[in-house]
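Below, each value reflects all heavy atoms present in this structure, side chains not excepted, and no hydrogens, waters or symmetry copies. Numbered from 1 within each chain, the chains take letters A, B, ... in sequence-line order.
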Amino acid sequence: MSTIAEIPNRFDFETAQTRIYQQWREKGYFHAVPDPKRKPYTIVIPPPNVTGALHLGHALNNTLQDVLIRFKRMQGYNALWMPGTDHAGIATQAVVEKRLRENENKTRHDLGREELVRRIWSWKDEYEKRILGQLQRLGASCDWERTRFTLDDQCARAVRYTFFDLFQKNLIYRGKRLVNWDTFLQTAVSDDEVNTETIKGQFWHLKYPVIDPQPGEPEFVIVATTRPETMLGDTAVAVHPDPATALHKVEQDLQDRLAKATASERSALEAQLEAIRQRRSTHLESLQLLALMARNGRRLLLPLLNREIPLIADTWPKPELGSGCVKITPAHDPNDYEVGKRCKLPMINILNSDGTLNAEAGPYAGFSLKQARQKVVADLEAQGLLDRVEDKEIELPVSDRSKTPIEPFLADQWFVKMETLAQSAMNAVSDGRVSILPKRYERSYLDWLGEKRDWPVSRQLWWGHQIPVWSLAALTDTEAEELLANVRSLPGFDEAKVAVQLELNDETDPEKRTRLNLPYGHLHVAIRDEADKFAASLESLGFERQPDVLDTWFSSALWPHSTLGWPEKTAELNYFYPTNTLVTSRDIITLWVARMVLMGLNNVGQIPFDQVFIHPKILDGFGETMSKSKGNGIDPLDVIDKFGADALRFSMVHLTTETQDVRMPVQFECPNCAASIEQTKKNRILPRVECPSCKKPFSTQWASTPEDQALPRGPVLSERFEVARNFSNKLWNAARFAMIRLEGYEPGPIDFEQLTIEDRWILSRLATVTAEVTKRLDEFAFAEVARLLYDFSWQDFCSFYVEMLKERLSDETTRPQAQRLLAFVLDQLLRLLHPIMPFVTEEIWQLLRGIAPVRGLPHPQAAEEWLIVAAWPKAEMQWQRPEIESQFALFQTALGALREIRAKQNIPPRREIQFVVRCQPHTALLIEQTSIYLESMAAAKLIAAGPNVTTPKPAATLALPEMEICVDLTGLIDKAAEKQRLEKEHVRLVGLISGTEGKLSNQAFVSKAPLDVIDKFRDQLRQSREQLAAVESALADLQ
RNA sequence: GGACGGUUAGUUCAGUUGGUUAGAACGCCACGUUGACAUCGUGGAGGUCGUUGGUUCGAGUCCAAUACCGUCCACCA
């Protein structure tokens, strides 16, 4: 038998977490295998970046998934949570390269591809262990036996099959594209990995001389640029072909907007309109002249390099801006690239891959961009070709990974054609096969896919899935044909496993190609199987494998089916796919969710999941996203250490509201004195902080010097976790009470006839809460679930039911039934709370099993050995009794009123007070039934109840709905306090009555409002008047 | 420039299809350790629901405008 001494009054989460998690794993409860007799429920984890540490966002994301998995597992589903990590191409390689540079002063080229990849693998092994360990400490019930990695053999096979399939369908092609070039990492990065920063820059106006200007024509055209050094790659200057029409259209648009504009927008628009009109009168003539010059084939002299370039007409330049002329640098600007393609301009790449200038830059070759800018500007100025310079705020694209400026750069890249794939993914959502919740996020998904932009999938990295394509240039068309024939006749050629594409050179003129030493085209051969010896044969013909690897999202896109064994038709794939729910955050709806849908449809022919739940983001107290680089991030492990995994989980669930992101003010915790120090934008980036209360310093994540690092580390925490920690402790202590009072428990049937009002009430509440929690979990209304369970546990169960059971548990005749009910309600509560707080509930479950292994209503049976696999409670709707709940509410009101009098009259806690209740006989019955609880919970003894009781004098009068309680204050009365209380109540009632009277005397209200609403107000008015009368007579008695 | 979200107590957030004088938690104030729990209990103070207008018998809730905060997308020679 347990005694108080045996069960500590604090839940020791530290040891319980480790022990229980270990036991669950040993029992194999996380492992799911296909079983046709049961329904599957599957979630695939959004694989965290293998080199990252878990942050609070992960904690939120994974808590929600675990709640769903545990909920469904308890509901009897065959629940599989598929875990794994992502190889995260650039991020991972960058980290290892950085370490290499810092520790060994080497670059990746010093090591070579094979060695670098080997190093990254060993780095990965170390960090994968760490991140999976973090998930385990959170309590994640993932099927660890199935853990996958986006770069492991199984995923690699899926990637190759997918690539091959798309290649064969001609949905993969290579083309020249302007890419975002990271000169530091020397790789192309996707648009999604580019951030723009606003910096102070300049706007240079350059003068390009016109060659042989005709009379009336200007000597120079003026172009403006924020990047003067790129002029070395200019191949044209463009003007609008019809400035008059263009200006007219702009003016028209402005007028349209002005018509719909609000007052505050008006003045700005009017100013713009005026500027356009002004411009037309001053500039139109010269703009038209320029357009004419362009039509006449005028040429310009590109300064410094003295290259002749054409003045061309194109619709890109806007006549309303600048000089109306735009320099065109097709190889280094996205818009110019489009112009270059339209006008068939040469594309001159002036950059080396490291960001220095190449031979095309003539005398500037070898310079860095920064140096080149200075020199170009200086030289232009010396030649009198710099018109003017103005200061301007400019948007600088910056690589998310290396934080260095991005250069647009013309390079060979591989693309996936999106037209049909994107359409299929759009259909899946618009016809409801995949639902995205909350629904508003569907729009960003559909809008993004709707653009159907081809997906650039190659990355100039070594870490990742190397593109399984072998290529060789063919100089002429005949050579290409021969080569093709040779490939086809190679031993082992099999169209099911090998596919060939011919990529023609953009330059179609054979003479020009010969002159420029360009090939006719390239033969690309894709090989499906990793082990295929065909590659060796190809290489003997001179083919070389493409060095690039695939975008990380390419393998992530296959995650729901590659983890289940595709392309094999495994039992797992057949059983668990399509998965049920994907839980993720909104920033990867496009990058990841959309691509999983289209790849799932392409590869398996089925959607990857039925539902996508998008959860909120956690912001700090300033409303900023948490991140390591800002220093405002919370490490979930710090939270687990201090508050326990259950507390962290409960907090996360409690924060997950449907409508918005959530703020969480954060503090440092002083490791010396445990004081909490509010984080400010200032102190959050310091390497060391001095505690204002103990004056001792501690280190932060920024500590880099040995002295700072030697200081104790002050974790970043939030007091918001205390609520949940206290809750888990409350639960623990309620259980502790139960264990003590269940001594001598014997199972037996419950006699419903003998149920007291509080029994019927708690069963009614239990049925309601069970039904509601179940419904809300299915709707992903997590915060609501947390709130329902918190209130039910703390208020209904602890503050009322357990308090009321105390009496019956001390009486031998009532004890057995009370014990059975206590065991049962606790049992149900543990089940309901388990998905959110698995550790404390499992720990209590085991204790409960020790003392009351057989329990239940109405007929007891042996409880499951482990809570994690216990059945989810069924809402017994026949227990729902609204009339009992409203009766109980009366009792609660009476209790509250009695306690209020005690407080207001300052009556010592243990001093008993006496009271009578004036009320209808049926209310009297209820009060008599519950009077022992008014006695135990408010030390208030009922003397009499009914319509004709005698009011004691002096008395405190509590005018409540349906009853008037008179507390005997003989020897106790504080007249002033009582008078004050009554007067306040008087004011309230008078206000209420006049408001209600006003409403009821309003003819419009009485004639239009629904009857039940009118009745409600009438009822209220009657009640308020009764209460007012009681208050008034009590006031009179006080005089 | 486009799309979306938010604005309710000192703080963080709830608030169902419009219907009593708007709730919770934390914090604050007062009182209290008799055997589950001071990580607790009891009571209390604290809000003209961003602003303006409209619809309605009735608006935190619906509509329009407006201000501010935030997120995503696009674009800026």
Side-chain angles (χ1 to χ4, degrees), chain A residues 4 7 9-11 191 196 203 223-227 230 237-238 262-264 316-318 321-329 333-336 392-395 438 440-441 443-444 447-448 451 586-587 589-590 616-617 619 621 623-625 643 647 654-655 657 659-665 718-720 722-723 725-741 783-784 787 790-791 798-799 802-803 806 896 899-904 906 908-910 937-938 988 991-992 995-996 999 1002-1010 1012-1014 1016-1017 1019-1021 1023-1024:
Chain A
I4 289 190
I7 307 176
N9 68 355
R10 297 281 155 89
F11 172 49
D191 287 348
T196 51
F203 208 36
V223 294
T225 178
T226 55
R227 305 201 47 201
T230 61
V237 168
T262 57
S264 65
W316 157 236
K318 294 172 183 164
L321 292 177
S323 65
C325 295
V326 184
K327 65 193 268 305
I328 302 295
T329 322
D333 181 280
N335 293 308
D336 294 4
K392 190 178 193 241
E393 291 218 323
I394 56 175
E395 303 286 320
R440 62 175 177 277
Y441 293 112
R443 182 189 282 264
S444 53
D447 285 355
W448 185 80
E451 290 179 25
R586 72 176 102 86
D587 37 14
I589 292 174
T590 52
K617 289 175 98 163
L619 310 174
E624 296 180 18
T625 51
F643 299 103
H654 193 65
L655 289 175
T657 58
T659 47
Q660 59 184 329
D661 291 343
V662 127
R663 287 189 188 207
M664 179 176 276
S718 175
E719 62 194 14
R720 304 278 308 268
E722 279 173 23
V723 181
R725 190 264 323 264
N726 295 352
F727 177 49
S728 117
N729 199 58
K730 181 75 181 179
L731 195 66
W732 176 254
N733 274 293
R736 184 166 172 256
F737 168 83
M739 295 315 137
I740 297 159
R741 295 304 191 89
E784 184 65 7
R787 195 190 60 78
Y790 183 91
D791 289 349
C798 291
S799 293
V802 166
E803 286 306 319
K806 282 178 179 171
R899 283 168 166 174
E900 188 193 338
I901 283 296
R902 301 195 66 105
K904 286 268 156 73
N906 218 358
R910 267 176 283 175
M937 294 166 79
R988 189 186 73 89
L992 189 58
T996 318
K999 200 165 266 192
N1002 181 345
Q1003 202 45 50
F1005 172 71
V1006 181
S1007 60
K1008 291 188 182 173
D1012 60 323
V1013 172
I1014 298 173
K1016 228 160 100 184
F1017 279 105
D1019 212 39
Q1020 178 202 312
L1021 184 60
Q1023 232 167 48
S1024 306

Using the [atom1] atoms only, state how far [M] lies from [N], rounded to an integer number of Å.
{"N": "B:C13", "M": "B:C4", "atom1": "P", "value": "23 Å"}
{"N": "B:U7", "M": "B:G60", "atom1": "C1'", "value": "12 Å"}
{"N": "B:G47", "M": "B:G10", "atom1": "C1'", "value": "11 Å"}

Whole-Å distance separating the CG atom of A:Asp1012 from the C1' atom of B:G18: 14 Å
Whole-Å gap separating P (B:A24) and CG (A:Asn726): 18 Å
Identify which nucleotide among [options] has an atom closest to any side-chain atom of [X], counting heavy atoms from C-beta outward.
{"X": "A:Lys1008", "options": "B:U12, B:U56, B:U39", "answer": "B:U56"}
{"X": "A:Arg443", "options": "B:C57, B:C13, B:A3", "answer": "B:A3"}
{"X": "A:Glu719", "options": "B:C26, B:G5, B:U39", "answer": "B:C26"}

Under 4.0 Å between any heavy atoms, over every strand shown, what does [X] touch: base, sugar-phosphate, or nothing? Just pick one.
{"X": "A:Val223", "answer": "nothing"}
{"X": "A:Trp732", "answer": "nothing"}
{"X": "A:Arg902", "answer": "nothing"}
{"X": "A:Gly995", "answer": "nothing"}
{"X": "A:Arg988", "answer": "base"}

Under 4.0 angstrom between [X] side-chain N/O and [N] OP1 or OP2:
{"X": "A:Arg725", "N": "B:U39", "answer": "no"}
{"X": "A:Asn9", "N": "B:A38", "answer": "yes"}
{"X": "A:Asn906", "N": "B:A30", "answer": "no"}
{"X": "A:Lys806", "N": "B:G35", "answer": "no"}
{"X": "A:Thr657", "N": "B:A14", "answer": "yes"}
{"X": "A:Arg586", "N": "B:C72", "answer": "no"}

Quiz item: cation-pi between A:Lys806 and A:Phe737, 6.0 Å / 45°: yes
Under 3.5 Å donor-acceptor pair, A:Glu803 side-chain atoms to B:A36 base atoms: yes
A:Phe1005 and A:Phe1017 aromatic ring geometry - parallel, tilted or perpendicular at 30°/60° bounds: perpendicular
